[in-house]
Structure formats: C-alpha cells, structure tokens
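Heads up, the thing below is written out as structure tokens.
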Amino acid sequence: QVQLVESGGGLVQPGGSLRLSCVASGSICSRNAMGWFRQAPGKEREFVAAISSGGSPYYADSVNGRFTISRDKPENTLYLQMNSLKPEDTAMYYCAAYPASSPTIIPSSWGQGTQVTVSS
C-alpha cells in the first residue's frame, strides 16, 4: 500500500507562484517514477509533469517553461514549483506514483489532491 499526501495548494493571483509537495510512504521505493496530474471542474484529469527514478523530467506543453518538477529521494518527497500561474492552471492537483522507473505507463497510486486556485 502506497500513501501519497499533497500539500502547498492555495489561492494565488495570476503571475504568482506556488510550490506543491507530496510525501510518499508505504510500499514505495526510489525506483518508482512520480508525477503530477490535475483536474479542473468539468474537465478530464490531465498530465502535468513527471520525473523518472533517474531524475529525467517530463512536462505537458501547457506548463513547460513555467513549472519545475523535482524529488528528494532520501525523504520520498516530490515537488512541483509553479511560476507565472494563469487562471487556467486552476485545478485540483494530484500526486501520482508509477509502478516503474519511467513514467511511460498509467500511475498505480494517487494522492487525495490539493486545490490550486489562480484568481484576482
């Protein structure tokens, strides 16, 4: 059983920044890739970013250049630094763990989500 707990969401004005964190515990090791997904009301859940066990990052075109994903393996913590936030970034953000070292398949575990709202 893998437990993923996100934090760091909140209300921010357009152009602002937020840093999301995800602490992983349970049956998970450093060989697992991890990532972030988001879902806005009325929309499907979409991929945001992921990072392999070796540290290679992957980004959706919509956030590339604005968001940065990183991880602290010794502490099993995943981060998402979000800069230049836009109203369209408003969504529930979910941490995810993959059953392999590369994020090329569907994640096997999900966190409960943390809300990010970008508004004036």
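Just the heavy atoms: all of them, side chains too, but no hydrogens, waters or symmetry mates, feed the values below.
How far OG of Ser109 is from CD of Gln3: 8.5 Å, rounded to the nearest 0.5 Å. To the nearest 0.5 angstrom, Gln13 atom CD is 8.5 Å from Ser119 atom OG.
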Check: Does the side chain to side chain donor-acceptor pair (under 3.5 Å) test come out yes or no for Asn83 and Ser17, once each step is laid out?
Finding: CA-CA 4 Å; Asn83 298 325; Ser17 299; 2.9 Å; yes
Note to self: side-chain contact (heavy atoms from CB on, under 4.5 Å) for Ser101 and Ser52? Distances and angles first, verdict last.
What the structure shows: CA-CA 6 Å; Ser101 60; Ser52 72; 5.9 Å; no
Next item on the list: Begin with the C-alpha distance, continue with both residues' side-chain angles, and end with the deciding distance and a verdict on side-chain contact (heavy atoms from CB on, under 4.5 Å) for Gln81 and Ile69.
Entry: CA-CA 6 Å; Gln81 178 66 47; Ile69 189 171; over 6 Å; no
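Between Met92 and Gly113, the closest heavy-atom pair is SD-C, 3.6 Å. Across every non-hydrogen atom of Ala49 and Leu80, the tightest pair is CB-CD1, 4.2 Å. Taking both residues in full, the closest heavy atoms of Ser84 and Asp89 are given as O-OD2, 4.4 Å, listed atom of the first, atom of the second, then distance. Residues Pro14 and Ser120 come closest through the heavy atom pair CD-OG, 3.6 Å. Residue Gly35 comes nearest to Leu78 through the heavy atom pair O-CD2, 3.5 Å, listed as atom of the first residue, atom of the second, then distance. Here the closest non-hydrogen pair linking Ser102 and Ala33 is C-CB, 3.9 Å.
Side-chain contact between Arg38 and Val63 is present, with heavy atoms from C-beta onward closer than 4.5 Å. At a threshold of 4.5 Å between non-hydrogen side-chain atoms, the residues Leu11 and Gln115 do not count as touching. Tyr79 places none of its side-chain heavy atoms less than 4.5 Å from the side chain of Leu20. The closest side-chain heavy-atom distance from Met82 to Tyr93 is below 4.5 Å. At a threshold of 4.5 Å between non-hydrogen side-chain atoms, the residues Cys22 and Thr77 do not count as touching. Contact check for Phe47 versus Tyr58: side-chain heavy atoms found under the 4.5 Å cut-off. Proximity of Leu18 to Leu85: side-chain heavy atoms (C-beta onward) are separated by under 4.5 Å at one or more points. Looking at Val23 and Glu75, their side chains never come closer than 4.5 Å, going by heavy atoms from C-beta outward.
Evaluation of the salt bridge (Lys or Arg N to Asp or Glu O under 4.0 Å) rule for Arg19 yields no partner, not counting sequence neighbours.
No more than 12 heavy-atom neighbours from other residues, nucleotides or ligands sit within 6.0 angstrom of CD1 on Ile106.
For the pair Thr114 (side chain) and Gly9 (backbone), a donor-acceptor distance under 3.5 Å is present. Of the possible polar contacts, none joining the Ser56 side chain to the Gly54 backbone as a donor-acceptor pair under 3.5 Å is found.
The aromatic rings of Phe37 and Tyr98 sit tilted relative to each other, their planes meeting at an angle between 30° and 60°. Tyr94 and Trp110 have perpendicular rings, their planes meeting at more than 60° on a 0 to 90° scale where under 30° would count as parallel.
Under the 3.5 Å distance criterion, with hydrogens and angles disregarded, a donor-acceptor pair is assigned to the side chains of Glu6 and Gln112.
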